[in-house]
Protein chains: 2
Amino acid sequence: MKLNLEEITKELKNKNIRLSHHRLKVLEFLNDNRIHPTVDQIYIQLHKELPTLSKTTVYNSLNALVDAGLVKVLTIEDNETRYDIVTDNHGHFKCESCGKIYDFEINLSSFQSKDLDDFKINNRDIYFKGICPDCIQQ
Amino acid sequence: MKLNLEEITKELKNKNIRLSHHRLKVLEFLNDNRIHPTVDQIYIQLHKELPTLSKTTVYNSLNALVDAGLVKVLTIEDNETRYDIVTDNHGHFKCESCGKIYDFEINLSSFQSKDLDDFKINNRDIYFKGICPDCIQQ
DNA sequence: AATAAGTTTGTAATCATTACAAGTTAGCAA
DNA sequence: TTGCTAACTTGTAATGATTACAAACTTATT
């Protein structure tokens, strides 16, 4: 999917966030590599292209993009924070054998619980864990 | 709910995990305080009763209980690991205003996605975020 | 070009969690 | 009951991820 830069820049402007060169690179990386990467994965890859990039900037950029609502934090496990570009509703499945994270289509807004009638729900996350088909076969 | 110690001990034995005094206290705390506490919350409370308790032991006990399947790790946010005693299927709602975590009843096993037909699903977590009724009123 | 606000960088600080070694405890067998 | 062994606890030190901060740099705007 191609990023619409003008639109993104306009959205960011409302929040006084500039789409700087590094931030754009981080956003592009997430858009082009749908692997739900960790900060380290992003840093290591981008550092090859941008030798002056610091890890602090990666954290910075990610936090800015999350604040802007363009990027989502995934906390499937307590010891690894991952990032995902915001797209339509989907859940995440993590394979307990190979560690790979899969997207799966699911209509999150259809989930209702009478216990939450009086709650304002801003965000719905679904995390499944188990074994992926590749690992089942072995 | 009262803990059935004999049954729990028996289950643990299979995994060579003893239900030591400290571990039992941690388990009791989770059973009696359904507040999805952090390690610090557990440590501070139990330390009052058990002055010799170390934080390492709290971590240790929690990890053992998680391994035994009696306790579940909640990773709603990337910067705070919480623990929950394992009960029937329910989702978790975190209020973005007051930070409180609510349980809500939901039939987790009813969630299906055709994308996961060939996957073995061991675990389903649902995390919602938003504003709770108490905070909406203010 | 000048200005002001926002961004990047590197280092240092912080915080949660784990590793480790030494001492302690619990369960089992003789 | 005693002794043995494995498991547990403790405190300290190490690790690792993330944030704080100050100085230098960049960008958009006047």
Side-chain angles (χ1 to χ4, degrees), chain A residues 5-6 8-29 36-44 46-68 70-71 73-83 99, chain B residues 5-6 8-29 36-44 46-68 70-71 73-83 99:
Chain A
L5 292 189
E6 283 191 25
I8 291 173
T9 307
K10 210 175 71 185
E11 269 188 53
L12 288 176
K13 209 162 190 177
N14 293 334
K15 314 204 179 190
N16 282 335
I17 297 175
R18 288 182 193 158
L19 190 57
S20 67
H21 187 56
H22 287 350
R23 286 181 186 163
L24 179 57
K25 281 291 181 185
V26 170
L27 192 58
E28 276 180 356
F29 181 83
H36 318 88
T38 62
V39 169
D40 262 1
Q41 285 179 293
I42 299 169
Y43 173 69
I44 289 168
L46 290 184
H47 187 76
K48 293 176 186 169
E49 281 184 66
L50 308 167
T52 71
L53 181 72
S54 77
K55 199 182 268 190
T56 304
T57 297
V58 177
Y59 276 105
N60 242 325
S61 301
L62 285 168
N63 288 338
L65 294 169
V66 169
D67 287 348
L70 296 171
V71 168
V73 180
L74 303 187
T75 54
I76 305 183
E77 303 283 356
D78 59 336
N79 56 352
E80 52 171 36
T81 304
R82 294 174 172 276
Y83 294 86
Chain B
L5 292 189
E6 283 190 28
I8 290 173
T9 306
K10 210 176 68 186
E11 269 188 57
L12 289 176
K13 211 165 189 175
N14 292 335
K15 315 203 179 193
N16 281 334
I17 296 175
R18 290 182 190 157
L19 190 57
S20 67
H21 187 54
H22 289 349
R23 285 182 187 165
L24 179 57
K25 281 292 180 185
V26 170
L27 192 58
E28 277 181 356
F29 181 83
H36 318 91
T38 61
V39 169
D40 263 0
Q41 283 179 294
I42 299 169
Y43 172 70
I44 288 168
L46 291 184
H47 188 76
K48 294 176 184 168
E49 281 182 67
L50 308 168
T52 71
L53 180 71
S54 77
K55 199 181 268 190
T56 303
T57 297
V58 177
Y59 275 105
N60 242 325
S61 301
L62 286 168
N63 288 337
L65 294 169
V66 169
D67 286 348
L70 297 171
V71 167
V73 180
L74 303 187
T75 54
I76 305 183
E77 303 282 359
D78 58 335
N79 55 352
E80 54 172 35
T81 303
R82 295 174 171 276
Y83 294 87

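Below, read A as the first sequence line, B as the second, and so on, with proteins coming before strands; counting in each chain starts at 1.
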Exercise. Would you say a side-chain N or O of B:Thr56 is under 4.0 Å from OP1 or OP2 of D:dT12?
Worked result: no
Problem set entry | Euclidean distance, atom CG of residue B:Asn63 to atom C1' of C:dT18 [Å, nearest integer] | 9 Å
For this session: May I ask you to evaluate whether A:Thr57 reaches the phosphate of C:dT8, defined as a side-chain N or O under 4.0 Å from OP1 or OP2?
Result: no
Exercise. Of B:Glu80 and B:Asn60, whose closest DNA chain C nucleotide lies nearer the 5' terminus?
Worked result: B:Glu80
Return the polar atom pairs (N/O with N/O) between nucleotides 25-28 of chain C and the protein under 3.5 Å, or none.
from: C:dC28; atom 1: OP1; to: B:Lys13; atom 2: NZ; distance (Å): 3.2

Exercise. Hey, does B:Asn79 reach any base, or is it just sugar-phosphate, or nothing, if we go heavy atoms under 4.0 Å?
Worked result: nothing
Problem set entry | Net bend of the helix from C:dA1-D:dT30 to C:dA30-D:dT1, end axes of five pairs each, nearest 10 degrees | 30°
Problem set entry | Distance test, side-chain N/O of A:Ser61 to OP1/OP2 of C:dT7, below 4.0 Å | no
For this session: Would you indicate, yes or no, if D:dT18 has its OP1 or OP2 atom less than 4.0 angstrom from a side-chain nitrogen or oxygen of A:Tyr59?
Result: yes
Exercise. Has A:Thr52 got a side-chain N or O lying under 4.0 Å from the OP1 or OP2 atom of C:dT8?
Worked result: no
Problem set entry | A:Arg23 side chain near C:dT8 phosphate (N/O to OP1/OP2, under 4.0 Å) | yes
Exercise. When all nucleic acid strands are considered with a 4.0 Å heavy-atom cut-off, which category describes B:Ser20: base, sugar-phosphate, or nothing?
Worked result: sugar-phosphate
